[in-house]
Q: 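I'd like to ask you about the structure that follows.
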Amino acid sequence: MAHFLTLSFKIVFMTKTPSILLIIGGGIAAYKSLLLIRELARRGIKTRAILTKGGAEFITPLSVGGLTGDKCFTDLFDLTDEAEMGHIELSRSADLVVVAPATADLMAKAATGLATDLATTALLATDKPVMMAPAMNVRMWEHPATQRNLKTLQKDGIQIIGPDEGDMACGEFGAGRMAEPEMMADAIATKLGGSAAQVIPFSGGSADLKDKHILVTAGPTHEPLDPVRYIANRSSGKQGYAIASALAQLGAKVTLVSGPTQISDPLGVKVVRVETARQMLSACEAALPADCFVACAAVADYRPEIETDHKIKKERGGLSAIPLAENPDILKTIARLEKGRPPLVVGFAAETDDVLAHAEAKRARKGCDWIVANDVSPGTGTMGGDRNTVVILSDKGEESWDNMLKTEVAGQLAAKIAKSLTS
Ligand code: C5P
C-alpha cells in the first residue's frame with residue numbers, strides 16, 4: 001500500500017504543467033513580453049502575468065490576457081482578486097517568476113525590497129526562483145546605481161538574462177536591449193527542466209544526454225585587418241546558440257565556442273567567446289574530449305596574412321593588395337583527428353545553389369558524419385532570420401525537414417543527436 005501511494009504521488013508531479021509568473025515592466029521592450037508568452041506556450045509552459053502601471057502604457061491587459069488565456073493582474077488593491085487569489089498566492093503559484101522587461105526602476109525597487117505595487121509586492125512575497133531580463137537605455141544600464149542594484153539582485157540569487165547589445169529604441173547604441181524572446185523561452189525551459197519534469201519542449205522522446213559532453217561552435221569569426229576593419233562572414237549565431245541551448249535542455253554538458261555575436265549566453269551552457277578562426281580552433285581543441293561536435297560557426301575561410309597596428313590608408317592603395325592566408329578548417333581538423341575524434345561529428349552547409357550535391361561533397365571532404373544543409377540564397381530569409389529549412393545528410397541518406405523556427409530545428413537536431421548517442 002505504501003509503495004502504491006509513493007508511486008501515485010510521483011505521477012502527479014511528472015504531469016504538472018510548468019508555469020511562470022511574468023511581471024511586465026514599463027518599457028518599450030514590453031511588446032517582446034507578448035512574444036515571450038507565445039514562445040513559452042509553444043514549449044508547453046503556462047504564463048500568468050502581472051502588468052505594471054508603466055507596462056500598461058505600452059501594451060494592454062487585454063492583449064496580455066488574450067495570449068496567456070488567463071486574467072492579467074494589474075493592481076494590488078483589486079479587491080476581487082484579493083478575494084479570489086491574494087498577492088501571496090499569486091507570487092507562489094508558479095514555478096518561476098520572470099521579470100521582463102526589468103526596468104531600472106523595478107530593479108532598484110526589488111534590490112531595496114520596496115513593495116509599492118502588485119509587481120514589487122509579488123517579488124517580495126515569492127518563495128520561487130526569480131529571473132530578470134533588464135531592458136533600458138544604455139546610460140541607465142551603465143549607471144553606477146543600476147550596476148549596484150544588479151550586484152545586489154545577483155547576490156540575492158536572482159538570475160539575470162541579457163541585456164543584449166545593439167541599436168536602441170532611443171537611437172543610441174549599446175547594452176540595454178531586452179534578450180530575445182526565443183532565447184528567453186529556451187532559458188526558462190532549461191531552468192524549469194529541473195523542477196518540472198514535463199518540460200521536454202521538443203519532440204524526440206525521452207533521450208537523455210546527462211553524461212555526454214557536446215561541443216558546439218557558433219557565430220562568425222572576425223579576422224582583423226587593422227584596428228578598425230576585419231573580414232567576416234554574415235552570421236547572427238542564432239542557430240548555433242539554439243542548438244547549444246536545446247542540447248543543454250536534454251541534460252548534456254555543453255561547451256559553446258562562439259565568435260562575436262549580440263546574443264546573451266544560453267543558460268546551462270559554458271560559453272567560450274573568441275574572435276578569430278585560429279582562436280576558435282584552439283578553444284575547441286582545449287574543450288575536447290567530447291561525445292559530439294556540432295560545427296555551426298560561419299568561419300572566415302581567409303585572414304589577412306599580416307595584421308597591422310595602424311589604420312591602413314586606402315589612398316595609398318593599401319587595402320587593394322592585402323595578402324590573405326587560409327584559415328584552419330575547424331570541422332575538418334576535428335572530424336579527421338586520429339585520436340580523440342568525437343564519435344559523432346555534425347557539420348553545416350549553407351549553400352545558395354545545388355544545395356544537396358554541394359552538401360554531400362562537403363560531408364565527404366570534411367569527414368563528418370552528418371551535414372545539416374540549408375539554402376541561404378537571397379529571398380529565403382534564413383540569414384539573420386528566425387526560420388530555417390534544412391536537409392540532414394548522412395550515410396543513411398537524406399532527411400528533409402519542413403520550414404520551421406531555428407529553435408525548432410535546434411530541438412529536433414538535439415533529439416536526433418540524443419537518439420544517436422544513446423542507442
Ligand atoms: O566549407 P564551408 O565553410 O562551407 O563549410 C561549412 C562547415 O564547415 C560548417 O560546419 C562550418 O562550421 C565548418 N567550418 C569550419 N572551419 C572553417 C570553415 C568551415 O569549422 N574554417
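Below, all heavy atoms of this structure are taken into account, side chains as well, without hydrogens, waters or symmetry copies. Just so you know, ligand 1 is whichever comes first in the structure, and atom 1 is the first atom listed for that ligand.
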Q: Could you check whether Asp105 and Thr103, counting side-chain N and O atoms only, form a donor-acceptor pair closer than 3.5 Å?
A: no
Q: Check each protein residue for a heavy atom under 4.0 Å from ligand 1 and list those that pass, ordered by chain and number.
A: Ala295, Cys296, Ala297, Val299, Asp301, Pro328, Asp329, Ile330, Leu331, Gly347, Phe348, Lys362, Lys366
Q: Quick one: does NZ or CZ of Lys416 land under 6.0 Å from the six-membered ring centre of Trp370, within 45 degrees of the ring axis?
A: yes
Q: Does the distance from a Lys or Arg side-chain N to an Asp or Glu carboxylate O, for Asp70 and Lys46, drop under 4.0 Å?
A: yes
Q: Please walk me through it: do Phe293 and Leu288 pass side chain to side chain contact (heavy atoms under 4.5 Å, CB included)?
A: CA-CA 9 Å; Phe293 175 49; Leu288 291 174; 5.8 Å; no
Q: Please determine, by modelled atom types, if Thr221 and Glu223 share a side-chain donor-acceptor pair under 3.5 angstrom.
A: yes
Q: Please tabulate, for side-chain N and O atoms in residues 341-348, each donor-acceptor pair with protein atoms closer than 3.5 Å (sequence neighbours left out).
A:
residue: Arg341; atom: NE; partner: Ala335; partner atom: O; Å: 2.7
residue: Arg341; atom: NH1; partner: Asp369; partner atom: OD2; Å: 3.2
residue: Arg341; atom: NH2; partner: Gly367; partner atom: O; Å: 3.0
residue: Arg341; atom: NH2; partner: Asp369; partner atom: OD1; Å: 3.4
residue: Arg341; atom: NH2; partner: Asp369; partner atom: OD2; Å: 3.2

